[in-house]
Amino acid sequence: MVPREILVSSKCLLFTGDFLYRRNYFMDEKLQVANALSAALPDLTVNEIEEKIERPKDSNNGDYAFPTFFLAKSLHKAPQMIASELVEKISQDGFDKVVVVGPYINFFLDKANVGAGVLQTILNDPEHYGESDLGHKANVTIDYSSPNIAKPMGMGHLRSTMIGEAIARILEKVNYNLIRVDYLGDWGTQFGKMMAAYKMWGDSQEVQDGLKSDPINTLLQLYVRINTEADEHPEYTDAGREWFAKLEHGDEEAWRLWHWFRAISLERFQRVYDMLDVKFDSFNGEAFSAQKMEEPIQLLRDKGLLKKSRGAEIVDLDKFNLPPLLIIKSNGTTTYITRDLATALFRKRMYGHAKSLYVVGAEQEVYFKQLRMALKELGFNWWNQIKHISFGLMNLNGQKMSTRKGNVVSLEDVLNDSVDLARKQIAEKNPDLKNADEVAKQVGIGAVIFHDLKNYRRNAVNFKLEDVVKFEGETGPYVQYARARAESILRKGGIRDFSNVDLTQVGDGAWELISFLSQYGEAVKRAALNYDPSVVAKYALELAKKFNQYYAHNRILNDDPQQPARLALTQAVSHVLKSALALLDVKAPDEM
RNA sequence: GAAACGGUAGCUCAACUGGAUAGAGCAUCGGUCUUCUAAACCGAGGGUUGAGGGUUCAAGUCCCUCUCGUUUCACCA
């Protein structure tokens, strides 16, 4: 067996310099536990033992535990007995203690030394703490937000936008290279309708004024109007189709209108993206892909995959137990599917991605299965790089949010409301705060974002304003506040360079906190593997909670020899909280 | 009718590969600011994890049946 350095003394750790700065202490400590056990279990390899080692839920049961159930059969003994026999053969060197509790052998790590190592790692390189290399710099395209042109962004868009942004940031943390794409819904019959509506009613003074003050909602009103009146005037629908056909055939006026609608929409979207601090690498939407549709159609034809059915051309997916994919409608026009196939081909060619993620609502699950299978049928071996990151819908009073029904809550309004509320809180709690406006934005918007990300993404959420703008309990501001307190102490503590501080002096009361700090990287990995930002959000909440508890029970600014070590701990917590919040695209004000 | 996902405290949600007494927040009741920011901390009450069966030393977690809810099932995206 290759000897691995596992029993390095703390003094060595403290002064050995750069090479260990990203060392994951707890992984190594787990190996230490496995090695200790292997002396008593000669029939098992260290790896086999390591796999069985777990982390007790209750920290009173130690830092690592080894359950002995699985040995009961082969040894023909009760697990409790096995545990007490094994522990006799285990060296306690390097541990605070090793004890038997029923069928478990519980290991308590050397708190002072391991704790010092963890703090050292964080303080040496806070920017990179928690990073790992799952991605090897591979390219990942991520398609998220993707609003429709000429419709305002509602609360529903927050989900795709923030889940997408957070996943992108998390994947970057584990060394993927992200390409963020906002696949705008800027094509289709709906634009024909919009143009037809504008041509019919757009000259009125009311509309002209509206287009100046609130263009996107004015357009929306035109769109809603033509849709509602189309029931009585079927010719409106025909006019819409006609205008879309003009657009498809390159009619000059249609294109001029299209560009104009798109520009005013993008300008408005950008305001929201700026508030949320979300930046895309590409805004190539459906219109862009619409120009690339010949290739997938030709490929499907060449492979004999296109079949006539009910006057349309489809790809039959019966053998995958899926409904057919409608490629060409009975009236000869294409669908979003054709554009998505073109998009997939383009992205693969353009970015050479290792994964291609689509952050889209759960209601499109079947559709993405179809898309993957169609690519598989076409013989593209990268079909399974396409992943649908689905999320639960946002409802309003138990009803689906729908632009057409008008039961939509404006995202921008909610963000502004939340910022206003945060501003009021600041005026009340910290009236002397200098950059109150900036902090109000960070807190208000942070609360909205955090609320959207803290639960498992597949859960459906019912929109309730009072829940979204809550600043107490399990919220973004709770985490921000914990860090602001830490920063406040650090400002008063006077030390920012901890390189000469003896970190072993931090005290046993800090162990719970330090042990949790060491788990950050694992949490980030789990979030990345499951494409689940809520793992990071829960980690941040838990860390904030542990720090708040520590804060309440330990005086950090107490003039004693341990104070520098406690400040170092405070600094480490602040770093990790800021990092976790950043992964969620939530800002961390130093003061609030 | 079929499929996918879900049902955990009054409400909103946790529980990493099956593990030790199923945990938080909100709400309710009570306690803590002349000392590091009370957006906080401490305590109390609140549970047959939808129902039933099975596998296992061990099931909220895996399998089966039933039930309720949401979503989807080719010319919207």
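Here is the naming used below: chain letters follow the sequence lines, and residue numbers restart at 1 for every chain. All values derive from a computational prediction rather than experimental measurement.
Distances shorter than 4.0 Å separate none of the side-chain N or O atoms of A:Y367 from OP1 or OP2 on B:C76. Of the side-chain N and O atoms in A:Y481, one or more sit less than 4.0 angstrom from OP1 or OP2 of B:A39. When the side-chain nitrogen and oxygen atoms of A:K369 are compared with OP1 and OP2 of B:U72, none of them lie within a distance under 4.0 Å. Taking 4.0 angstrom as the limit, A:Q549 places a side-chain polar atom (N or O) nearer than this to OP1 or OP2 of B:C42.
For B:G30 and B:C16, the C1' atoms lie 36 Å apart once the distance is rounded to whole Å. To the nearest whole angstrom, the two C1' atoms, one in B:A59 and one in B:U8, are 14 Å apart. With P as the reference atom, B:A74 and B:G52 are 38 Å apart, rounded to whole Å. Distance check on atom P: B:G43 versus B:G25 gives 10 Å, rounded to whole Å. The P atoms of B:U67 and B:G10 are separated by 26 Å, rounded to the nearest whole Å. Annotation: B:G1 and B:A58 have their P atoms spaced 37 Å apart (nearest Å). As rounded to the nearest Å, B:C5 and B:A39 have C1' atoms that lie 36 Å from one another. Remark: the separation of the C1' atoms in B:G50 and B:A9 is 15 Å, to the nearest Å.
Residue contacts for A:Y551: at a heavy-atom cut-off of 4.0 Å it reaches a base atom on one of the strands shown. Counting non-hydrogen atoms under 4.0 angstrom, A:R555 reaches a base of the nucleic acid. Using a 4.0 Å heavy-atom criterion, one finds that A:K429 contacts the bases of the nucleic acid, with or without backbone contacts as well. Among the atoms of the strands shown, none is found under 4.0 Å from any heavy atom of A:E51. Contacts of A:R339 with the nucleic acid, taken as non-hydrogen atoms under 4.0 Å apart, involve only primed sugar atoms and P, OP1 or OP2. Within the nucleic acid shown, A:K464 has no heavy atom closer than 4.0 Å to any nucleic acid atom.
As a whole-Å value, the separation of A:E365 CD from B:A4 P is 11 Å. Across the protein-nucleic acid pair, A:E474 atom CD and B:C11 atom C1' stand 13 Å apart, rounded to whole Å. In this entry the distance linking NE2 of A:H451 with P of B:A14 reads 12 Å, nearest Å. Rounded to whole Å, the distance from CD on A:Q364 to P on B:U70 is 20 Å. Here the C1' atom of nucleotide B:G23 and the NZ atom of A:K545 are 9 Å apart, to the nearest Å. Counting to the nearest Å, the P atom of B:G25 and the NZ atom of A:K546 are 12 Å from each other. Distance, A:I556 CD1 to B:A40 P: 17 Å, rounded to whole Å. Whole-Å rounding puts the A:E363 CD to B:C73 C1' distance at 14 Å.
Between A:K292 and A:E286, none of the side-chain N atoms (NZ, or NE/NH1/NH2) sits under 4.0 Å from a carboxylate O, so this pair counts as no salt bridge. Of the charged side-chain nitrogens involved, none lies within less than 4.0 Å of a carboxylate oxygen, so that A:K329 and A:E313 do not count as a salt-bridged pair. Here A:D63 does not pair with A:R55 in a salt bridge; the nearest charged N to carboxylate O distance is not below 4.0 Å.
Listed nucleotides B:A74, B:G19, B:U37 differ in distance to A:E54; the shortest reach to its side chain belongs to B:G19. In the set B:A39, B:C76, B:C36, the nucleotide with an atom closest to the side chain of A:S488 is B:C36.
Across all strands shown, B:U61 forms no Watson-Crick or G-U wobble pair with both key distances under 3.5 Å. Base pairing of B:A14 is not made with any nucleotide, judged by Watson-Crick or G-U wobble geometry with both donor-acceptor distances under 3.5 Å. Pair check for B:U70 finds B:A4; Watson-Crick or G-U wobble, both atom distances under 3.5 Å.
Considering CD of A:Q370 and CZ of A:F320, their distance stands at 11.5 Å, rounded to 0.5 Å.
Here A:Y104 counts as stacked on B:A20: its ring centre is under 5.5 angstrom from the base ring centre and the planes meet at under 30°.
Around atom NZ of A:K52, no more than 12 heavy atoms belonging to other residues, nucleotides or ligands sit under 6.0 Å away.
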Next item on the list: Run the numbers on A:D590 and A:R483 for side-chain contact (heavy atoms from CB on, under 4.5 Å), then give the verdict.
Entry: CA-CA 7 Å; A:D590 291 337; A:R483 202 196 80 103; 2.3 Å; yes
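For A:N106 against B:A20, a side-chain N or O and a base N or O form a donor-acceptor pair under 3.5 Å.
In this structure, A:F516 has its ring center closer than 6.0 angstrom to the ring center of A:Y539.
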